[in-house]
Amino acid sequence: MTSTQTHARDAVATGALTAAHRRDHAHVDDACVPHSIEVVHLGERAVMVCHDCRTDSGFLPSRDAEQIARAHEADTAA
């Protein structure tokens with residue numbers, strides 16, 4: 001993959017990630033327990049998105065994003 005292709009792929013991924021953050025996941029009361037977490041895969045890389053914290057991990061190797069998601073889910077389960 002060329003540098004230009006990588007940049008284009010990253011731009012599309014960033015747009016998709018922004019759209020995911022805008023999805024309706026508003027709460028009237030407390031956040032979900034555990035938090036509502038999604039791992040979005042793009043080839044060999046992925047991003048962990050927490051819809052309650054409205055944060056993400058940035059694109060990482062898929063296993064790393066999945067590990068962060070499991071840890072965040074465990075941390076917010078109480």
Side-chain angles (χ1 to χ4, degrees):
M1 183 173 287
T2 68
S3 176
T4 302
Q5 289 171 322
T6 300
H7 181 68
R9 181 197 65 194
D10 290 349
V12 170
T14 299
L17 183 57
T18 300
H21 276 283
R22 288 187 193 136
R23 279 192 295 203
D24 242 346
H25 195 79
H27 295 279
V28 176
D29 50 9
D30 292 336
C32 293
V33 177
H35 282 188
S36 176
I37 301 164
E38 181 176 10
V39 178
V40 180
H41 294 271
L42 184 64
E44 295 178 7
R45 301 187 63 81
V47 62
M48 182 281 299
V49 178
C50 178
H51 296 287
D52 292 304
C53 294
R54 297 183 184 259
T55 59
D56 66 77
S57 65
F59 281 95
L60 304 168
S62 292
R63 288 183 184 175
D64 293 348
E66 291 168 358
Q67 183 178 8
I68 291 170
R70 284 191 300 273
H72 188 67
E73 184 176 40
D75 288 346
T76 61

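Nothing here was measured: the structure is a model prediction, and the numbers come from that model.
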Q: Report the distance from atom CG of D75 to atom CD1 of I68, rounding to the nearest 0.5 Å.
A: 11.5 Å
Q) Roughly how far apart are C53 SG and H72 NE2, rounded to 0.5 Å? A) 3.5 Å
Q) Which atoms form the tightest heavy-atom contact between S62 and G43, and what is the distance? A) OG-O, 4.0 Å
Q) By side-chain hydrogen bond (donor to acceptor under 3.5 Å, both in side chains), which residues pair with Q67, not counting sequence neighbours? A) none
Q. Can you tell me how far the CD1 atom of I37 sits from the CD atom of E73, to the nearest 0.5 Å?
A. 5.0 Å
Q | Minimum heavy-atom distance between A46 and V39, given as atom pair plus value | A | CB-CG1, 3.9 Å
Q) Any donor-acceptor pair under 3.5 Å linking the side chain of T76 with the backbone of V33? A) no
**Q.** Hydrophobic cluster membership, V49 vs L60, 4.5 Å side-chain cutoff
**A.** no
Q: Would you confirm whether S36, through its side chain, and H51, through its main-chain N or O, come within 3.5 Å as a donor-acceptor pair?
A: no
Q) With sequence neighbours excluded, what pairs up with T2 under the side-chain hydrogen bond (donor to acceptor under 3.5 Å, both in side chains) test? A) Q5
Q: Quick one: pull up CZ in F59 and CE in M48 and give me the separation to the nearest 0.5 Å.
A: 12.5 Å
Q: Can you see which heavy atom on D52 is nearest to which on H35, and at what distance?
A: OD2-CA, 3.1 Å
Q: Decide whether L42 and V47 are clustered together by the hydrophobic rule: side chain heavy atoms of Ile, Leu, Val, Met, Phe, Trp, Tyr closer than 4.5 Å, transitively.
A: yes
